Amino acid sequence: MIQLCLNGQWLELENSDPSETLLHYLRTKLGQNGTKEGCASGDCGACTVVVAQYSEATQSWQYHSINSCITLLASLHGKHIITVEGIAESYEGEASLSHLHPVQRALVEHHGSQCGFCTPGIVMSLFTAYENNGGAALTENQILDSLSGNLCRCTGYRPIVDAGLEAHQYSKAGQYSKVGHYSKQTTPEKTYTTETACFKTDTAQCIFPASEEELIQLITQHPQARFVAGGTDLMLEKTQAFKSLPQLIGLTHIDSLREITITNNNVSVGCGVTFSDLERELKDRLPSLVALFHRIGSRQIRNQGTLAGNIANASPIGDSPPFLLALDATLELNGPNGLRVVELNDFFIDYKKTELQPGEYIRRVLFEIPNDNFVQSYKISKRFEDDISAALLVVRWSVDNNYFKNVRVSVGGMASTAKRVVSVENALEGQPANQETISTAKALFKTELSPISDVRASAHYRITVIENLLMKAWLEFSNNHAAKTQCVNVWQPNVERKVSQQFGGDYA
């Protein structure tokens with residue numbers, strides 16, 4: 001039986017389909033209609049809810065926004081869930097603005113809602129940022145990060161951002177803090193158990209083993225079962241393709257698979273580690289990779305999606321594999337036949353085909369933080385956040401005595417898999433570090449890559465932009481920008497925001 005705490009009240013979900021989404025259960029079984037379905041794919045944010053986790057180490061609560069439309073119901077066993085219905089102060093008698101949570105009050109006062117469909121998700125995203133910040137004033141960057149997965153077609157975002165900036169002014173002394181008023185009823189007496197959890201109906205079964213030994217046994221017993229970690233890709237089969245998921249094995253309740261280990265410059269990432277978890281660990285040590293994480297998906301997606309999952313789905317437009325290829329990453333694969341190590345460069349075979357054998361899963365992702373002069377990624381997409389790459393280039397090199405060495409050039413969205421472009425690497429390796437060498441090397445993209453034309457870009461555009469991005473990388477490096485760590489896009493939101501403000505327009 002799935003047990004979860006919803007807005008301070010523990011519920012036992014009898015006869016619930018474990019492969020159902022949280023959003024569907026909230027709306028159809030619990031009558032929590034404030035949470036909306038917009039896209040059913042984790043793109044629009046209308047379905048945003050919050051998972052609250054109590055930390056015994058810090059004696060405090062942490063809040064994580066997620067897309068309930070692609071969240072497996074069974075994965076929330078033992079968790080604290082907060083919806084838009086649960087954040088206002090409880091009261092008796094006539095409602096008033098003073099009973100609203102500060103972000104709700106601020107959105108009202110700043111006219112942050114028009115049609116209102118997206119508003120509950122926006123409320124929950126701002127709520128997450130506000131509570132994690134202890135009720136203090138939020139910066140614009142904090143607000144934009146929290147809202148990166150929320151689309152609004154009406155307001156243009158300016159009043160929403162203004163509301164976020166002013167929300168702290170609507171709090172009552174002592175009423176709202178990092179541990180909100182609702183969480184006083186949700187003490188961690190009934191937290192997630194470390195025992196194996198099994199949920200089963202006549203049509204679906206979902207098992208979350210508590211150890212890798214149990215995991216291997218389950219794989220042997222259920223060879224047709226699918227693995228689920230973040231589920232941000234897998235759940236689209238249910239919400240978009242309307243497929244059933246009859247047998248699932250969860251990887252996120254095993255402590256050893258949720259660990260990040262950094263020894264000197266060697267990084268080991270368990271398959272249950274989310275992008276947000278890894279972001280916190282690497283933000284000061286490998287900021288160029290963390291910058292790319294912000295382009296991979298919204299905060300909601302990064303709170304659920306895993307690095308290993310982004311690799312395992314073998315999508316040619318997955319954004320982390322090209323960067324990891326440039327780092328010479330390796331993978332630990334485990335299964336009933338034992339543990340083995342495979343280089344990431346050998347892992348991808350063809351479109352959606354990998355070296356994974358039946359019953360195997362990616363146990364850990366291993367890579368080294370480089371000491372090279374330059375490591376940078378360049379993603380081209382139509383939206384800055386939460387959008388699929390039209391093309392992605394990652395370059396890495398050192399320059400020693402004015403010669404290139406240790407060159408890695410990898411791409412995404414340009415072939416059936418993410419791949420290193422060996423011909424370009426060879427044309428740079430050991431050659432003079434100058435623009436002429438770059439010009440010679442970039443012409444070789446055409447000989448090794450045969451991109452398709454689709455709705456995102458034509459083949460000609462993709463080749464042309466990849467060539468020009470290599471030149472851009474060289475110009476940045478040669479003009480003393482080797483320390484530049486942002487992930488670059490042709491669209492620069494800070495510039496457009498200033499222009500928009502100057503002419504009285506909305507946030508672009």
Side-chain angles (χ1 to χ4, degrees), residues 256-296 302 305-312 314 318-334 339-348 354-355 361-379 392-400 403-412 417-422 424-426 428-430 433 473 476-477 482-487:
S256 61
L257 301 183
R258 298 200 307 268
E259 294 176 348
I260 305 169
T261 303
I262 303 177
T263 305
N264 297 324
N265 283 334
N266 296 307
V267 182
S268 175
V269 183
C271 66
V273 173
T274 67
F275 283 107
S276 290
D277 291 336
L278 191 55
E279 182 180 332
R280 287 188 286 271
E281 295 294 328
L282 293 180
K283 63 180 180 180
D284 297 324
R285 304 196 62 170
L286 192 51
S288 54
L289 177 57
V290 171
L292 180 61
F293 289 169
H294 286 255
R295 302 293 311 283
I296 286 175
R302 302 200 304 275
T306 64
L307 184 67
N310 198 233
I311 298 169
D319 288 336
S320 65
F323 203 108
L324 295 170
L325 283 169
L327 299 183
D328 296 327
T330 58
L331 306 175
E332 280 187 4
L333 309 182
N334 201 15
L339 186 69
R340 63 189 180 112
V341 177
V342 174
E343 291 186 8
L344 182 60
N345 195 41
D346 298 325
F347 181 72
F348 300 111
T354 70
E355 275 291 322
Y361 60 96
I362 297 176
R363 183 177 184 270
R364 306 193 72 79
V365 183
L366 312 171
F367 58 90
E368 184 176 356
I369 297 173
N371 293 317
D372 299 287
N373 298 141
F374 192 73
V375 185
Q376 187 56 277
S377 62
Y378 301 85
K379 175 174 176 174
L392 174 66
L393 175 73
V394 182
V395 294
R396 168 189 171 187
W397 61 55
S398 290
V399 171
D400 186 16
Y403 285 86
F404 285 115
K405 72 172 190 176
N406 197 30
V407 177
R408 296 291 183 272
V409 177
S410 54
V411 296
T417 68
K419 65 171 295 181
R420 283 172 50 188
V421 189
V422 178
V424 175
E425 292 178 353
N426 292 340
L428 295 174
E429 187 72 37
E476 286 183 359
F477 175 79
K484 189 179 178 73
T485 58
Q486 69 190 54
C487 179

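Since the model is a prediction, treat every value here as computed from it, not as a measurement.
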In this structure, CG of Leu344 is separated from OG1 of Thr330 (nearest 0.5 Å) by 8.5 Å
_Pair Thr274-Asp277, side-chain donor/acceptor within less than 3.5 Å_ = yes
Would you find a donor on one side and an acceptor on the other, under 3.5 Å apart, between the side chain of Glu425 and the backbone of Val409? yes
Checklist entry - Any donor and acceptor pair, going by atom type alone, linking the side chain of Thr354 with main-chain N or O of Phe347 inside 3.5 Å? => result no
Checklist entry - Has the side chain of Asn373 got a donor or acceptor atom that lies under 3.5 Å from a matching backbone atom of Val399? => result yes
Rounding to 0.5 Å, atoms CD1 (Ile369) and CG (Leu289) come to a distance of 9.5 Å
| task | List the steps, then state whether side-chain contact (heavy atoms from CB on, under 4.5 Å) holds for Leu286 with Val267. | result | CA-CA 11 Å; Leu286 192 51; Val267 182; over 6 Å; no
Value for CD (Glu368) from CD1 (Ile262), rounded to nearest 0.5 Å, stands at 12.5 Å
Item to complete: Check the surroundings of atom CD in Glu343: do more than 12 heavy atoms from other residues, nucleotides or ligands lie under 6.0 Å from it?
Response: no
dist Phe323:CZ -> Gln376:CD (nearest 0.5 Å) comes out at 7.5 Å
(request) Go through the steps to decide whether Arg396 and Asn406 satisfy the test side-chain contact (heavy atoms from CB on, under 4.5 Å), and finish with yes or no. (result) CA-CA 8 Å; Arg396 168 189 171 187; Asn406 197 30; 3.0 Å; yes
Q. Any Lys/Arg nitrogen of Asp319 or Arg295 sitting under 4.0 Å from an Asp/Glu carboxylate oxygen of the other?
A. no
| message | Below 30° counts as parallel, above 60° as perpendicular, anything between as tilted: where do the rings of Trp397 and Phe374 land? | response | parallel
**Prompt:** What do the steps show when you test Arg302 against Phe293 for side-chain contact (heavy atoms from CB on, under 4.5 Å), and what is the final call?
**Reply:** CA-CA 8 Å; Arg302 302 200 304 275; Phe293 289 169; 4.2 Å; yes
| query | Would you say the side chain of Phe275 lies within less than 4.5 Å of the side chain of Asn310, judging by non-hydrogen atoms? | reply | yes
| said: So Leu307 and Val273, do their side chains get closer than 4.5 Å, heavy atoms only? | reply: no
Minimal heavy-atom distance between Ala314 and Phe348, with the atoms involved, is CA-CE2, 3.9 Å
Residues at least two apart in sequence or cross-chain that pass ring pair (Phe, Tyr, Trp, His ring centres under 6.0 Å) with Phe367, listed by chain then number, are none
Here the gap from Ile311 atom CD1 to Cys271 atom SG, rounded to the nearest 0.5 Å, amounts to 10.5 Å
Result for side chain to side chain contact (heavy atoms under 4.5 Å, CB included) between Pro322 and one of Thr417, Val411, Val394 points to Val394
Could you check whether any side-chain N or O of Glu429 sits under 3.5 Å from a backbone N or O of Val407, counting only pairs where one atom can act as donor and the other as acceptor? yes
- Apply side-chain hydrogen bond (donor to acceptor under 3.5 Å, both in side chains) to Arg364 and Asn334, showing your working. CA-CA 9 Å; Arg364 306 193 72 79; Asn334 201 15; over 6 Å; no
Q: Starting from the C-alpha separation in whole Å, work towards a yes-or-no answer on side-chain contact (heavy atoms from CB on, under 4.5 Å) for Leu257 and Arg363.
A: CA-CA 7 Å; Leu257 301 183; Arg363 183 177 184 270; 3.8 Å; yes
Rounded to the nearest 0.5 angstrom, the OH-CG distance for Tyr378 and Leu392 is 11.5 Å
